[in-house]
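First the structure, in the form of structure tokens, and then the observations on it.
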Amino acid sequence: MPELPEVETVVRGLQAVLPGRRIVGVRLGKTDFIDDPAALERELPGTRIQRVRRHGKFLVFDLEAADANRGGRQLLLLVHLGMTGQLTVAPGEAPAPPHTHVFFSLDDGRELRYTDIRRFGRMRIFSSGAQADLLGKLGLDPLEATEAEFAAALHARRAQIKALLLDQRVFRGMGNIYTDESLWRVRIHPRRIGANLSAAELRRLYRAVRDVLNEAIRSRGSSISDYVDADGQQGEFQLKHRVYQREGKKCFRCKTKIRRVIVAGRSSYFCPRCQRAPRRHRPEKSGRV
DNA sequence: CGTTGAACCTGTTTGC
DNA sequence: TGCAAACAGGTTCAAC
């Protein structure tokens, strides 16, 4: 579910209501996705939420431990939504959905809740400054990078473009949906080698990635099955997908049937006519398209 | 350096 | 109908 546009949508929803609120209690269900559950229970009560922001697919909560004995110490709470994670704000008395494993009760009677069916998400707190290891390994934010930076990150790489776009050390925030949608827009096959892309192709890909992500943010993300924003509402960008999960359906440009293949270990949807396959090591072409 | 497959976990869909 | 396999927005690790 959660790629850059979905995380951005959740962040905006939380940033609209959480700053200034104080966490007054922590309740935990299953904790196998939390790095140090005891630290959450020990450190978070009493902290005040200053800001909620996004770093790649991570949500970052800036917290201030305002107690006198803690001297305004800064804390960071990092949350990754994995595949099925949800962060929502609800009245404390409202029933929580199944698989809700973290409850942060707030000083206004509401709760910030974390629900995650598959528990592929992650949750961890840091004293500020010590978080460099996790976030520092991530690559460029595609919405902040310049065209030159974007091209430089790809032009010398011999890996498949799909793998490069998915690699969080290259770009932070891209996932399976927006990678396929971006490649379709610029007619680039997911198995093309990064270094083999022309300067013109890199320029168009840069534009397509930004356009797709910005349009998806405007639509409040893609809801395939589990994704909801901080208010529990679904996104709408799934209605605008051109290739993702459209195997066997007609290409919006040329009517050819969309195909699904595995690239970089992930289902990859593309139009075999618009997105021409690169030459293989062992050519055995059928001769004609 | 780059690729592949498995693992983590639960639920839904598809196929025989 | 029933059961098993395949598949799902992500990340990480081992093996080659």
Side-chain angles (χ1 to χ4, degrees), chain A residues 1-11 29-35 54-59 78-87 97-102 114-124 133-135 137-139 153-183 190-196 212-213 216-217 219-229 234-248 259-269 278 280-282:
Chain A
M1 153 250 270
E3 305 182 30
L4 187 155
E6 289 76 30
V7 177
E8 179 66 25
T9 302
V10 173
V11 161
K30 291 186 179 178
T31 58
D32 54 357
F33 60 95
I34 304 174
D35 261 58
R54 179 184 63 76
H55 193 88
K57 296 175 188 172
F58 284 88
L59 293 102
L78 264 57
V79 179
H80 193 294
L81 300 176
M83 292 276 260
T84 54
Q86 305 174 343
L87 269 174
H99 304 289
T100 302
H101 297 298
V102 181
Y114 181 72
T115 307
D116 189 348
I117 294 174
R118 295 175 72 180
R119 304 202 302 286
F120 283 177
R122 288 290 177 268
M123 198 174 290
R124 180 170 183 179
D133 49 324
L134 229 187
L135 299 184
K137 289 177 182 166
L138 299 179
L154 298 175
H155 92 283
R157 301 292 302 269
R158 301 296 310 171
Q160 300 171 134
I161 187 63
K162 168 103 183 193
L164 292 169
L165 292 176
L166 286 176
D167 187 338
Q168 301 299 298
R169 296 167 302 184
V170 179
F171 300 112
R172 52 175 130 109
M174 294 289 288
N176 209 28
I177 295 176
Y178 300 107
T179 294
D180 281 6
E181 292 294 323
S182 298
L183 291 173
R191 287 211 173 107
R192 292 278 304 282
I193 300 304
N196 292 349
V212 165
L213 294 175
I217 290 170
S219 295
R220 307 180 57 77
S222 300
S223 290
I224 301 301
S225 66
D226 299 291
Y227 165 70
V228 293
D229 66 16
Q234 301 200 331
E236 292 181 344
F237 196 72
Q238 68 279 6
L239 305 174
K240 299 178 183 170
H241 290 175
R242 287 299 182 251
V243 279
Y244 185 73
Q245 289 193 342
R246 293 194 68 249
E247 181 179 22
R259 294 233 294 134
R260 181 178 78 92
V261 296
I262 303 299
V263 182
R266 310 292 299 280
S267 274
S268 300
Y269 302 86
R280 298 185 302 171
H281 298 301
R282 267 306 169 71

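Since we're looking at a predicted model, the values are computed, not measured. Naming: A, B, ... by sequence-line order, numbering from 1 per chain.
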Residue A:His99, side-chain heavy atoms: nucleotide from C:dA8, C:dT11, B:dT10 that is nearest:
B:dT10
Taking atom P in both B:dG5 and C:dC7, compute the distance separating them and give it to the nearest angstrom.
13 Å
Identified pairing partner of B:dC9, criterion: Watson-Crick or G-U wobble below 3.5 Å:
none
When rounded to the nearest Å, what value does the distance between P atoms of C:dA5 and B:dA6 take?
14 Å
Below the 4.0 Å mark, does C:dT11 have OP1 or OP2 next to a side-chain nitrogen or oxygen of A:Lys57?
yes
Determine the interplanar angle of the A:Tyr178 and A:Phe237 rings, folded into 0 to 90°, and report it as parallel if under 30°, tilted if 30 to 60°, perpendicular if over 60°.
tilted
What does A:Arg122 touch in the nucleic acid at a heavy-atom separation under 4.0 angstrom: a base, only the sugar-phosphate, or nothing?
nothing
Considering only C:dG10, C:dA8, B:dT10, which nucleotide approaches the side chain of A:Ser267 most closely?
C:dA8
Taking the minimum atom-to-atom distance to the side chain of A:Arg119, which one of B:dT10, B:dG2, C:dA8 wins?
B:dT10
At their closest point, which heavy atom of A:Asn176 faces which heavy atom of A:Ser267, and how far apart are they?
ND2-O, 3.0 Å
Okay, side chain of A:Gln234, backbone of A:Asp226: is any donor-acceptor separation there less than 3.5 Å?
no
Taking any heavy-atom pair under 4.0 Å as a contact, classify A:Ile117: base, sugar-phosphate, or nothing.
sugar-phosphate
Quote, to the nearest angstrom, the C1' distance that separates C:dC3 from B:dC8.
24 Å
Identify which nucleotide among B:dC8, C:dT11, C:dA8 has an atom closest to any side-chain atom of A:His80, counting heavy atoms from C-beta outward.
C:dT11
Closest to the 5' end of DNA chain C, once A:Tyr269 and A:Phe58 are matched to their nearest nucleotides, is A:Tyr269
For nucleotides B:dC9 and C:dC13, find the distance between their P atoms and express it as a whole number of Å.
16 Å
Which one, B:dC8, B:dT4, C:dT11, comes nearest to the side chain of A:Arg266?
C:dT11
Rounded to whole angstrom units, what separation is found between the CE atom of A:Met83 and the C1' atom of B:dC9?
10 Å
Parallel, tilted or perpendicular, judged at 30° and 60°: which one describes the rings of A:His101 and A:Phe33?
tilted
Want to settle it: does A:Ile262 or A:Leu164 sit nearer the 5' end of DNA chain B, counting the closest nucleotide to each?
A:Leu164
Euclidean distance, atom NE2 of residue A:His101 to atom P of B:dC8 [Å, nearest integer]:
17 Å
Separation of C:dG10 P from A:Asp116 CG (nearest whole Å):
13 Å
Which part of the nucleic acid does A:Gly175 contact within heavy-atom distance under 4.0 Å: base, sugar-phosphate only, or nothing?
sugar-phosphate
Choose from B:dG11, B:dG2, C:dA8 the nucleotide whose nearest atom is closest to any side-chain atom of A:Arg260.
C:dA8
Take atom CD1 of A:Ile193 and atom P of B:dG2, then tell me their distance rounded to the nearest Å.
9 Å
In whole angstroms, the gap separating C1' of B:dG2 from CG of A:Asn196 amounts to 14 Å
Walk me through it: do A:Thr84 and A:Arg118 pass the test side-chain hydrogen bond (donor to acceptor under 3.5 Å, both in side chains)?
CA-CA 6 Å; A:Thr84 54; A:Arg118 295 175 72 180; 5.6 Å; no
Answer yes or no as to whether B:dC8 has its base stacked against A:Phe120, where stacking requires a ring-centre separation under 5.5 angstrom and planes under 30 degrees apart.
yes
Could you walk me through whether A:Asp167 and A:Arg169 pass the salt bridge (Lys or Arg N to Asp or Glu O under 4.0 Å) check?
CA-CA 5 Å; A:Asp167 187 338; A:Arg169 296 167 302 184; 3.1 Å; yes
Tell me whether the OP1 or OP2 atom of B:dC1 has a side-chain N or O from A:Arg157 closer than 4.0 Å.
no
Grab the NZ-C1' distance between A:Lys162 and C:dG10 for me, whole Å please.
12 Å
Let me know the distance between CZ of A:Arg118 and P of C:dC7, rounded to the nearest Å.
13 Å
Under 4.0 Å between a side-chain N/O of A:Tyr227 and OP1 or OP2 of C:dG10, yes or no?
no
Could you tell me whether the phosphate oxygens of B:dG2, OP1 or OP2, come under 4.0 Å of any side-chain nitrogen or oxygen in A:Gln160?
no
Rounded to whole Å, CG of A:Asp226 lies from P of B:dG11 at a distance of 11 Å
Check this one for me: any side-chain N or O of A:Lys30 less than 4.0 Å away from OP1 or OP2 of B:dT10?
yes
Closest approach to the side chain of A:Ala163, judged atom by atom: which nucleotide of B:dT3, B:dT10, C:dG10 is it?
B:dT3
Name the nucleic acid region contacted by A:Phe33, choosing base, sugar-phosphate or nothing; use a 4.0 angstrom heavy-atom cut-off, strictly under.
nothing
Any sub-3.5 Å donor-acceptor pair from A:Glu3's side-chain atoms to A:Lys57's backbone N or O?
no
